[in-house]
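Please read the structure below before turning to the comments.
The figures here come from the full heavy-atom set of this structure, side chains too, leaving out hydrogens, waters and symmetry mates.
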Amino acid sequence: MSNRHSQPYDALIIGAGHNGLVCAAYLARAGRKVLVLERRSVVGGACITEEIAPGYRSSTASYVVSLLLPEIERDLRLAEFGYKVLPRNPSSFTPFEDGRYLLMGPDPALNQREIAKFSGVDAQAFPRYEALLTRIAEHLEPALMDTPPDLLPLPSQWRRRGFLDRLRNLRRGGALYRAMKKLGTDLPEAIEILTGAATPVLDRWFESPELRGTLATDAIIGSFAPPSAPGSGYVLLHHVMGMAGGARGVWGYVEGGMGALTQAMARCAQSLGVEIRCDAQVDEILVENGRATGVRLGDEIVHARQIASNATAHVTFGKLVRAEVLPDDFSRAVHRIDYSSAAVKINLGVGELPRFSCMPERGGAAGPEHRGTIHINALPEQIERAYEDARRGMPSERPVIEMVIPSTVDATLAPDGHHIVNLFVQYAPYAPATGGWDDGLRDAFADRCIDQITRHAPNFAASVLHREVLAPPDLERRFGLTGGNIFQGAMPLHQLFSFRPVPGWSDYATPVEGLFLCGAAAHPGGGVMGACGRNAAQAMLRS
């Protein structure tokens, strides 16, 4: 084998997704010599912009931003490197088959007027509901975004802990306790939201199914579970935590698509001296005497003092690290990680905007209904029925669709007069009970989704000129997302916080000395927030 690099790097990052780039940049800011290896020909991971047809540039996987930590924007000077968020106002539009619709956004007066069309009681309750979620988020966000304490370490982890590690763990536990204590009388509801199901929370607050269903869509994003499942309440909170859209809970588009964000991160990292190599497939993480020493790429060896993997735990420990170097209890825990996925991403190029039957005709011009997220089949019973189809192994007959048209506020994405439409669709199993995604199901399901939208916008099906359909196996192949799960592992309670990726290893370290996790496989999990990469860099700098 050749050894291209005689001098080892201080740190080597496997995967140039947004967390890997954040980790690399923070390490380089601290003076470390860093190399990032990316198996694809372009950086960004699942946060990327690609052409689906000449002139049509789409956010291939992730499609909106809010959770990105403000300190990362500031520390990495992302605006200076081309990152720009375009706010969406209104931010949510839900059409119903009876001809009514619900339009919501950052304007409290608009929300009250719109909700009052369905329930005056709900219109009065909604500001109190938002205030509660905001209070919980403001108090818990620092603790939820930082390295969590290890509450139940595995034996293999506890034996390796030194005095300083145990002291840090106690401090983290104290910080969490203080954050929870500050919630005061909100604590019982906070615990329910963090651990329970979204449905009983929403049922207690609101009477109108139109509002409950619209809000419930936030609780199921990327999960193979209905809003009635325990743990779905946490994702409700997720959607009021971010501020990257300009205000708390406001989600925005990135000008130039989501890839413009990771390109800005890459430029920042390179300005700090980070070397980024694309088309660099890592085949093995090399371990000698229990310590990571480098990686193998084909017949090339690259040495590094520390390695951070931005891949899933399944890929990192099941494919890149030899099984015999891992403790048995750790390997068993990794093997149990749930990667259930039921999400399909469909990217479309269209010749005109959808004309919704429930909205005034605007002669093809963009209206408020086009700017934010459009919810299709969002009544509570529709969501539960769609999930039940998938639970039985069938793609949903009437899938739940989140639809965005970013080109209504970002003219850089499509030719004049044309638009990019992104559909995030649930539920569709990774392995259907009958048939397969490569046996015609991919196109049939996309047709079904387009037909569901056309029920509300009669011109929509005829407007579609180009399309790209990414079923769960496609997301796995293209982005290395095990099982097609967009969060690098499902996010029920037993796979969150101190239990992510497995109990005892939530501090980004692994049983292999010098090997860390820096991606969404680690706490706090999925979403374009960058916390995993930042926290991993801090752990590496302490090590």
Side-chain angles (χ1 to χ4, degrees), residues 42 44 46-64 86 88 93 95 253-260 343-377 395-396 398-426 428 437-471 474-475 477-479:
V42 61
C47 185
I48 195 167
T49 305
E50 297 175 294
E51 276 198 338
I52 61 172
Y56 295 84
R57 301 169 60 241
S58 173
S59 294
T60 309
S62 59
Y63 53 100
V64 286
L86 304 174
R88 313 183 309 161
F93 169 66
Y253 300 122
V254 178
E255 186 175 72
M258 293 297 286
V344 172
K345 182 73 189 302
I346 302 174
N347 302 310
L348 306 173
V350 301
E352 63 177 347
L353 288 170
R355 297 194 293 272
F356 290 96
S357 301
C358 62
M359 299 298 286
E361 174 58 54
R362 294 184 173 84
E369 69 273 21
H370 297 117
R371 297 184 195 127
T373 299
I374 302 162
H375 305 279
I376 303 295
N377 295 335
S396 301
R398 295 189 63 177
V400 182
I401 302 171
E402 277 208 351
M403 171 181 176
V404 297
I405 314 174
S407 50
T408 57
V409 297
D410 182 1
T412 70
L413 299 177
D416 288 346
H418 290 214
H419 290 276
I420 287 289
V421 175
N422 302 128
L423 309 180
F424 188 82
V425 186
Q426 291 177 246
W437 289 108
D438 294 328
D439 300 325
L441 182 57
R442 188 180 286 102
D443 285 332
F445 187 68
D447 290 341
R448 184 182 306 172
C449 295
I450 290 170
D451 288 345
Q452 291 298 306
I453 298 167
T454 305
R455 291 164 62 97
H456 298 276
N459 70 316
F460 186 69
S463 75
V464 176
L465 304 175
H466 310 283
R467 74 183 189 185
E468 173 186 53
V469 185
L470 298 174
D474 303 313
L475 295 171
R477 283 191 290 264
R478 185 177 297 192
F479 301 113

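Between the CG atom of N347 and the CD atom of E51 there is a distance of 13.0 Å, given to the nearest 0.5 Å. Taking CD of Q452 as the reference point, atom CE of M403 lies at 12.5 Å (rounded to 0.5 Å). A distance of 11.0 Å separates CD1 of I453 from CG of N459, quoted to the nearest 0.5 Å. Annotation: the span from S407 atom OG to L353 atom CG amounts to 7.0 Å, rounded to 0.5 Å. With values rounded to the nearest 0.5 angstrom, S62 atom OG is found 8.0 Å from F479 atom CZ. R398 CZ to D451 CG: the interatomic distance, rounded to the nearest 0.5 Å, is 11.5 Å.
With a 4.5 Å cut-off on side-chain heavy atoms, R467 and D447 count as touching. For the pair S357/P458, a side-chain contact is recorded, criterion being any heavy-atom separation below 4.5 Å from C-beta on. Residues F460 and L348 form a side-chain contact, since some pair of their non-hydrogen atoms from C-beta on lies under 4.5 Å apart. Under the 4.5 Å side-chain criterion, counting only non-hydrogen atoms from C-beta, I374 is in contact with I405. Counting heavy atoms from C-beta on, the side chains of P399 and F445 come closer than 4.5 Å. In this structure the side chain of I346 never reaches within 4.5 angstrom of the side chain of I401, judged on heavy atoms. When side chains are defined from C-beta on, R448 counts as touching P395, because their heavy atoms get closer than 4.5 Å. By the 4.5 Å heavy-atom criterion applied to side chains, W437 and D474 are not counted as neighbours.
D410 has no carboxylate O lying under 4.0 Å from a charged side-chain N of R57, or vice versa, which leaves the two without a salt bridge. A salt bridge links R442 to D438: at least one charged side-chain nitrogen sits closer than 4.0 Å to a carboxylate oxygen.
Here the closest heavy-atom approach between residue Y253 and residue Y63 is recorded as CD2-O, 3.9 Å. Scanning both residues, L475 and A343, for their nearest heavy atoms gives CD1-O, 3.9 Å. Residues S59 and G257 share a closest heavy-atom pair of OG-CA, 3.4 Å. For the pair S58 and N422, the tightest heavy-atom approach, listed with the atom from each and the gap, is OG-ND2, 2.9 Å. Of all non-hydrogen atoms in P415 and G55, the two that sit nearest each other are CD-O, 3.3 Å. Of all non-hydrogen atoms in I376 and P95, the two that sit nearest each other are CD1-CG, 3.9 Å.
Ring planes of H370 and F356: tilted class, angle from 30 to 60°. The aromatic rings of Y56 and H418 lie tilted to each other, with the angle between the two planes from 30° to 60°.
For the residue pair R88/T373, the side-chain donor-acceptor check at 3.5 Å is satisfied. Looking only at atom types and distance, the side chain of E50 has a donor-acceptor partner in the side chain of T60 under 3.5 Å away.
For residues 343-354, the pairs satisfying salt bridge (Lys or Arg N to Asp or Glu O under 4.0 Å) are E352-R355, with sequence neighbours left out.
T408 places no side-chain N or O within 3.5 Å of a backbone atom of A366 that could act as its donor or acceptor partner.
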